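Presented below is the structure to which this report refers.
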Amino acid sequence: MANSVEIKNLDLNFGAVKVLKQLNLDIAEGEFLVLLGSSGCGKSTLLNCIAGLLDVSDGQIFIKGENVTWAEPSDRGIGMVFQSYALYPQMTVRGNLSFGLKNAKVPKPEIAKRIARAADVLQIEPLLDRKPGALSGGQRQRVAIGRALVRDVDVFLFDEPLSNLDAKLRTDLRVELKRLHQQLKNTMIYVTHDQVEAMTLADRISIMKDGMIEQLDTPERIYAKPCNKYVADFIGSPAMNLFTGQLSDTRFGCNGFNLDVSGYEFSDSGLRDGAAWLGIRPEHIMTGDAAHGASYSGTAEIDIVEPMGSDTLVWVNFAGQSVRVRTIGQSGLKSGNTLTIGFDAARLHLFDKKTELRL
Amino acid sequence: MANSVEIKNLDLNFGAVKVLKQLNLDIAEGEFLVLLGSSGCGKSTLLNCIAGLLDVSDGQIFIKGENVTWAEPSDRGIGMVFQSYALYPQMTVRGNLSFGLKNAKVPKPEIAKRIARAADVLQIEPLLDRKPGALSGGQRQRVAIGRALVRDVDVFLFDEPLSNLDAKLRTDLRVELKRLHQQLKNTMIYVTHDQVEAMTLADRISIMKDGMIEQLDTPERIYAKPCNKYVADFIGSPAMNLFTGQLSDTRFGCNGFNLDVSGYEFSDSGLRDGAAWLGIRPEHIMTGDAAHGASYSGTAEIDIVEPMGSDTLVWVNFAGQSVRVRTIGQSGLKSGNTLTIGFDAARLHLFDKKTELRL
Amino acid sequence: IELEVTHWWTSGGEAAAVTKFAEAWNATGNTWLDGAIAGSGGTARPIIISRIIGGDPMAATQMNHGRQAEELIEAGLLLDLSEVAEAGGWADIVNPSSLLEGCTLDGKIYCVPVNIHSGQWMWLSHAAYENAGLDVPADWNEFVDSAGELRAAGTLPLAMGQQGWQQNLAFGAITIAVAGTEAWREVTVNKNADVARGPEFTAVFDAMVNARELASGSNVQDWNQATNMVITGTAGAQLMGDWAQGEFAVAGQVEGVDYSCLPGLGLNDVLDTGGDAFYFPVNDDPEITAAQLELAALLISPEVQVSFNLAKGSLPVRGDIDMSAANGCMQKGLEILASGGVLPSGDQSLSADTQTQIEDLMAQFWSGDMPAADAQESYAELIEKAD
Amino acid sequence: MTVAPDPPAQPAKRPRRLFKNLMAKLASLPMILTALVIFVGGTSWTVFYSFTGSRMLPKTEFVGLDQYERLWNSDRWIISIKNLGIYGSCSLVLTLVIGFCLAACLDRKIRFESAFRSIFLYPFALSFVVTGLAWQWILNPEFGLQSVVRGWGWETFTFNPLNDPDTVIFGLLIAGLWQGTGLIMCIMLAGLRGIDEDIWKAARVDGIGTIKTYVVVIIPMMRPVFITALVLIASGIIKLYDLVVAQTGGGPGLSSEVPAKYVIEFMFRAQNLGQGFAASTMMLCSVVIILIPWAFLEFGGRKRG
Amino acid sequence: MTVTTTKGPRGPKPKKAFSRANIFLYGTLIMVSMYYLLPLYVMIVTSLKGMPEIRMGNVFGPPMDITFEPWVKAWSEACTGINCDGLSRGFGNSVRILIPSVLLSIIIASVNGYALSNWKFKGSEVFFTILIIGAFIPYQTMLYPIVILLREIGLMGSIGGLVLVHTIFGMPILTLLFRNYFASMPEELFKAARVDGAGFWQIYFQIMLPMALPIFVVAIILQVTGIWNDFLFGVIYTKPSTYPMTVQLNNIVNSVQGIKEYNVNMAATLLTGLVPLLIYFASGKLFVRGIAAGAVKG
Ligand SMILES: Nc1ncnc2c1ncn2[C@@H]1O[C@H](COP(=O)(O)OP(=O)(O)OP(=O)(O)O)[C@@H](O)[C@H]1O
Ligand SMILES: Nc1ncnc2c1ncn2[C@@H]1O[C@H](COP(=O)(O)OP(=O)(O)OP(=O)(O)O)[C@@H](O)[C@H]1O
Ligand SMILES: [Mg+2]
Ligand SMILES: [Mg+2]
């Protein structure tokens, strides 16, 4: 599969501040790539560079094999959807959709055809003659997508397109977006700091931190095999529990427990000794009877119980720290009681203490 | 247990608009009550009435048995925490905490003592001499809580105190708040439109809609036995699947399936016939082998699969509509495949079609 | 040809006089485009100068002749009128000849003097004195003596407009009357600071302190408002130039009956011979240049001089015309002129810069309580530095 | 991740700097010209000639600092500066105080707000010339305020600021405040409206009285608004000219002279350009002194504005 | 839930219409309003009186005989020098100066503000800073250089020259207003338009301009009043045939003939202030809103 977007050694500085540092990224044709990272890590900046809205300081950008590093945004074959929709408030929806095409001097009948098609795909025909002010948030977002759609672009860029919407709408539009991608098969680059969006939408997720890419992989692998402690901690909600301790061959010991990790799938690095972090996701901690068969099991005092309907989040005091445990809904657990918890070696994560890389 | 806050027949109009309508609410001493509802339903308005920041149009408000309908906010024994923190930006944290006390002519040593205690509870000692501008969002929120704390009030009012914070911080502060409540045992009234917050924090949740209370109950009961369709649809994420059909005694039939509901725990209303809604939460739909033993089982085509790490959300086409199914993480399901799903009568919800009340 | 003429003659008498010019010019088939600028010369001068410098000059403009225009002439911005002057024989007819000298630079003539104004007049209200049951004073000293009684009768002795130039004018008049012409000439023309520090001027400044007291309570700003106080009898007297007479005329008052005028404050029969002149900025259009020269000749022609000066209350610049129609005050002035009691005007001797500073000093002196000695010293310093 | 540094298909060159955003640069040309030719050029020209002995016309005859020496030895200049100092400090303080108080009153959800606002704002629509004349008439002792009050029977009432050298500045102030407070009120009102509603609620819950809340909480929060207002007032004060000319003409005597008037008079009436330029250079310096701290506050701390 | 009606306060808190705070508040406002209205009242009243009545004193008394004579005189009869056509001539000139000046200055300033906020280029901030400092330079400093500049481009004395001067001196504050306003518009809108292939002018005309109405209102109000009220430039850079109304007003008011005709002067003053006054009274609310949008930040 050819690469749709290639980014080579990209640097971007705002004055003295280096926001993107020697960044490399290849995105395949038709891929849905999500850029995920905490606020201020440079996601929007990267997207703006790809769109040509920011001048890169160094490096090159290729779209469909063509060097577009210095091309105008409108000549790059990209469409962009913004968090605040950025619809032109004084134009009707139709005007919004046709603005770019008129600028590109596309003939009238062609414009009408494309708008009709986009309106059909996005189901916004009845809205075409309204102004953005008279649309709901979700409708506006759809029009914003339509604006990219009509321009028949190769690459769609989304900058947190759903974060201004309320939770319910966000879920619905997320699914619509996914369906749209399955239908259009365009390359899509999607910025978000919402993990759920990233996990559900992405073919591949690129986790960014401080202008660099920490891990670029499928959602499943990022969840199951985070390549370092940062990614492990970042992905998953509630976050992974982390314990610091000492690894010696097949055992991990720390202040409070000690367990056999021979069931752990070590990476190729070969390291099996020394100070290390042990991580386990709240949903992988077994409780009650199930815990007894685990690699390690012990008891902990329940601190706080947070019922969330479908499941319950329990905060227990264990090994000198507060540990999150996710268990079934209506668990009947009470603050102050004791809970038996168990760790399964196959579902642990081990990271080197110094490099913080996965062992 | 005495009632800490009592609201009787409260009306509030903004001009001709009736925002609160004959609202009654009793809050017990030490209770953590969450007001939950969609935007614009009147939650903040109710809170402001309790605080005395809005003049009621009709009705009475009692705090600790005293009629405070006309009392000044500062005389009501309440403390309030705002979404935007509303810290005085030019004062240090200490200044913010002591301002109200100084104004009430509390003696200096007493002020110092109270600040020390609040700072201790909230762990903000090191911040006392900073200005709010130099604090992070979470720290500001803590100071805002501290401002209510030092005033030694009976009732804490929170207006979406966490919604300006990012997801991670929100989770952490939520737990802190819960812990704080366990420690202080004050009455707390907490406004939010975030279900997770409501479910995890509340002793009781009051679900509001259009200035009226739809259901007032414990989180567990609201989740397990929503009293009407609105509450059922509102609580739970992703939302409950709803099917409209015909109920005749022990069977519910609709366009696509028909199942035996004799396992359903009907309410006292006695109604068992007529047009009705059937609801089932995504997490209660059984899949694969487990489905076979259910009250009803059938097959559905998978539309979209959304892996979310710890579990997977599957959208299937069933009975002519899109149905959400929540299943385990790494399910291996693929769009286009067929999935066996099953409904368990004990976990269904039935609502009258007309009154929308639970059957 | 339409010629735009700027001036700052906007009071009643002045406007009437300008009309005479305009009528005469319009009668020749040309058009007089009036560019009056209200306020004193101080307001008008920046406008006039910036327009001349800015390359969009008017066709003719009023300016006090004297040193004000020197630099404009040097910069070649003003039209050389020598031709017309020669043709009209101005050198012979202009009396006193100092007027034409003021228009001359390097032997060329650049302006047309149109009238003679003198500042050394005292105007007295008969009504005011009658009310107080007093005789109308015949000179400054008598005036000072009777002032106390006048004030006791509820009449302000001396009307004084609160503007530097009016106060300076009063200073000039008092100087000539009190110190005499010699001392005046030594200081003003020869810039002799020693004389300015001398006893003659001490007397002058003492007299000034007196005058300041007599004028206290005079709250008007403009000179003609002050004149109006004399006309209406709310004030006993005013020190003002001969142009004040125009106001009396407009008010229909008669010299000797309703008011009196005392040249040289009745002490010294001398008058300075300042006056107004017209300058003609250089213009590219030869047609306009021709018209400018025509206008220059017209302004000094006998008929125009008569009608203009009668209206304005000033003296004509030519000695060869019949001014028998003039009223008593003007006749007095003409007599003094004829008898040679003539001084050059301050404008011709002192630069605008120095004048302004003296005016400032006077303004300060009159509005405050500056002691005579301080004022004298400051004045002497200004004279010392004058160029 | 390894990067194969394969040569780009078509090596795209970095475009020339000058031609980037060419249109924006062209469109900004009027601004650039104004800034450079008029403001920088004109100012430098003035400063340059302030070192010459120019009289009626600019001449390059250098006299060093003579003009400045004379300037600072001139009574009139000193008086002008003093007057400006008195007028300026009073005007600054009073405009801010009155402007803020009025804005605060209007912000109290009162009736007829827009009527009051229009009343306070309309003088701003009138020029200083009109302002000066109107107040000259009202303050005229013969038929203005003084005579009216005396007419009511208070025979000894004396209010004649314009003819008293000691108080004439306050006469100017009355008119200046009348004209200028409306705009400041407007700006303050906009600032007050921008204050988070929750702050007010927090203060009420804390039991802080309205006035105390304004003083202790709101005013400190409005610092940027105050700075904007301050700069506006200050720049107006330095330019003070029309009002003086129309209302008092600098009198009585020199008691209401101001620097701007000194500049004009010396440039044109006294025909001593050098002196006028020296005075205007001094004014320029004071502007720069006022502006530097402001520019620092306004542009220093932020990246995007 | 059963509700037992309980004793004690119920319903809205009774509000006293004349609470002490209210009396103080409205009292202050009314007192202050009187101060602000006094000059207007005096001007109107005086302008409707005849000279004899004025001479009797009391500027505050209402006119006993209302006469419109002074207004007529001020408009068309008052004399300056030998021209006795009142303000009427200046009105036409003012309009002819006003319209092009306002249009030109606002167009240029809005484009500048737009370029400064959306198309920053190297040095743009420097020029802007100079411009802003320029706003505070006393005009007097610039008078002479501008005379020379106008001479060089041959516009001295013409309406064109004055328009240019107004445009120049209006530029700093207007540019600031527009820049702040455009900077407060979402940047994403601009980005979206660029992705849509719109250029500098297209974005300006099709996206920004239609959204900038409030600030245009403020700019127009400021410029109309500023230019209409201008005296200094009007008197220095024009000539009698092109004098604006304020200069005529000054001429009429300062041409004292005998005693001052206060009624005519006041009528003239009112006539001159009429245009900006009307604009202010008509647009009070918009002005406040626009000021909030363009001038006050932070
Ligand atoms: N115009 C600018 N000038 C200077 N620094 C900037 C500018 N724009 C962004 N930055 C800085 O660059 C960094 C990356 O910003 P960017 O907007 O790309 O973050 P982001 O990952 O999109 O964050 P968010 O999730 O909050 O949108 C931030 O630290 C920000 O402060
Ligand atoms: N001052 C006011 N004047 C008129 N209507 C108002 C006012 N304040 C609120 N409302 C209306 O009252 C209703 C309830 O507002 P309220 O702020 O209580 O909602 P909310 O439940 O807090 O919503 P959110 O979750 O968005 O904060 C809304 O429809 C709102 O439009
Ligand atoms: Mg971003
Ligand atoms: Mg709310």
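Just so we're clear, the structure is a prediction, and the values are computed from it rather than from any experiment. Heavy-atom basis, side chains included; hydrogens, waters and symmetry copies ignored. Numbers restart at 1 for each chain; the letters A, B, ... are given by sequence-line order, proteins then strands.
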Using every non-hydrogen atom in the two residues, find where D:Gly207 and B:Ser74 come nearest and quote the distance to one decimal. CA-CB, 3.2 Å
B:Gln123 atom CD: more than 12 heavy-atom contacts under 6.0 Å: no
What part of B:Asn48 gets within 4.5 angstrom of chain D, counting heavy atoms only: side chain, backbone, both, or neither? side chain
If you take all heavy atoms of D:Lys212 and B:Asn103, which pair is closest and at what distance? NZ-OD1, 2.7 Å
Heavy-atom distance under 4.5 Å between the side chains of B:Leu53 and D:Trp200, does that happen here? no
Using a 4.5 Å cut-off on heavy atoms from C-beta on, say whether the side chain of D:Val205 contacts that of B:Arg147. no
Name the region of B:Leu157, side chain, backbone, both or neither, that has any atom closer than 4.5 Å to a heavy atom of chain D. neither
Using a 4.5 angstrom heavy-atom cutoff, name the option from B:Gly100, B:Gly79, B:Ala104, B:Gly52 with the most pairs to chain D. B:Gly100
Straight-line distance of B:Ser84 OG to D:Lys201 NZ, nearest 0.5 Å: 9.0 Å
Side-chain contact test, heavy atoms from C-beta onward, threshold under 4.5 Å: evaluate it for D:Asp198 versus B:Met80 and give yes or no. no
Contact winner vs chain B - D:Asp196, D:Ile199, D:Ile218, heavy-atom pairs under 4.5 Å: D:Ile199
More than 12 heavy atoms of other groups within 6.0 Å of B:Lys18 NZ: no
Strictly distance-based, threshold 3.5 Å: is any side-chain N or O of B:Gln90 a donor or acceptor partner for the main-chain N or O of D:Val216? yes
Taking atom CD as the centre, does B:Glu110 end up with more than 12 heavy-atom neighbours from other residues, nucleotides or ligands that are less than 6.0 angstrom away? yes
Nearest 0.5 angstrom please: B:Met91 CE to D:Met221 CE, how far? 10.0 Å
